Amino acid sequence: QVQLVESGGGLVQPGGSLRLSCVASGRIFRLNDMGWYRQAPGNQRELVAGITRDGWINLADSVKGRFTISRDNAKNTVYLQMNSLKPEDTAVYYCNAEVVGSYYSGGMSYWGKGTLVTVSS
């Protein structure tokens, strides 16, 4: 069993910053790609930022220059630093990870339950 637990969401004013964290725990042999997705009401879930185990980063065009993603492999943790927040960033943010559970296992995708980010004055 694997759990991904997000934290750090909340209410912020436009132009403000938040730092989201996601900690993976449970049956983990190795974490491969990790990422942050978001979903606003009426919209599909979209990729915000992804990061490989080696640290290669992919950012959505809408957040380039404002957000950055990082990870700490020793802590099984991925972060999303969000700066210059805009109202259109309001969404539930979900952590995702590809997890290899044992020496004999292939990778499997897991999701956190999400954390709400609201950007409003």
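Along the sequence shown, the residues carry numbers beginning at 1. Keep in mind the model is a prediction, meaning the values are calculated, not measured. Heavy-atom basis, side chains included; hydrogens, waters and symmetry copies ignored.
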Closest approach of Ser102 to Ser105 (non-hydrogen atoms, all atoms of both residues): OG-OG, 2.8 Å
Test log, rule side chain to side chain contact (heavy atoms under 4.5 Å, CB included), inputs Ser17 and Met82: CA-CA 5 Å; Ser17 297; Met82 304 184 293; over 6 Å; no
Heavy-atom pair of closest approach, residues Leu31 and Ala24: CD1-CB, 4.1 Å
Glu46 side chain reached by Arg38 side chain, heavy atoms, under 4.5 Å: yes
Arg19 side chain vs Gln81 backbone, donor-acceptor pair below 3.5 Å: no
Minimum heavy-atom distance Leu85-Leu18, with the two atoms named: CD1-N, 3.9 Å
Summary of ring-ring contact (aromatic ring centres under 6.0 Å, His included) pairs that have at least one residue in residues 50-85, sequence neighbours excluded: none
Listed once per pair and sorted, the disulfide bond (SG atoms under 2.5 Å apart) pairs that draw on residues 32-74, sequence neighbours left out: none
Separation of Thr52 OG1 from Asp33 CG (nearest 0.5 Å): 6.0 Å
Worked check of side chain to side chain contact (heavy atoms under 4.5 Å, CB included) between Gln3 and Ile28: CA-CA 10 Å; Gln3 289 185 328; Ile28 301 171; over 6 Å; no
Where Cys95 and Glu6 come nearest, the two heavy atoms and their spacing: N-OE2, 2.8 Å
Flag if over 12 foreign heavy atoms under 6.0 Å of CD, Glu88: yes
Check: Leu47 and Asn58 side chains under 4.5 Å, non-hydrogen atoms: yes
Hydrophobic cluster membership, Leu20 vs Leu59, 4.5 Å side-chain cutoff: yes
Validation row: Arg53, Met34 side chains within 4.5 angstrom (heavy atoms): no
Sequence neighbours left out, cut at 3.5 Å: what donor-acceptor pairs do the side chains of residues 107-121 make with other protein atoms?
residue : atom : partner : partner atom : Å
Ser109  : OG   : Asn96   : ND2          : 2.8
Thr115  : OG1  : Gly9    : N            : 3.3

Residue pair Val78 / Ile69, side-chain heavy-atom distance below 4.5 Å: yes
Val12 reachable from Trp36 in the ILVMFWY side-chain graph, under 4.5 Å edges: yes
Minimum heavy-atom distance between Thr77 and Lys75, given as atom pair plus value: OG1-O, 2.8 Å
ILVMFWY cluster, Tyr37 and Leu80 together (side-chain gap under 4.5 Å): no
cation_pi(Arg45, Tyr94) dist<6.0 Å, angle<=45: yes
Carboxylate-amine/guanidinium proximity below 4.0 Å for Asp89 and Lys86: no
Within 6.0 Å of CZ in Arg27, more than 12 heavy atoms from elsewhere: no
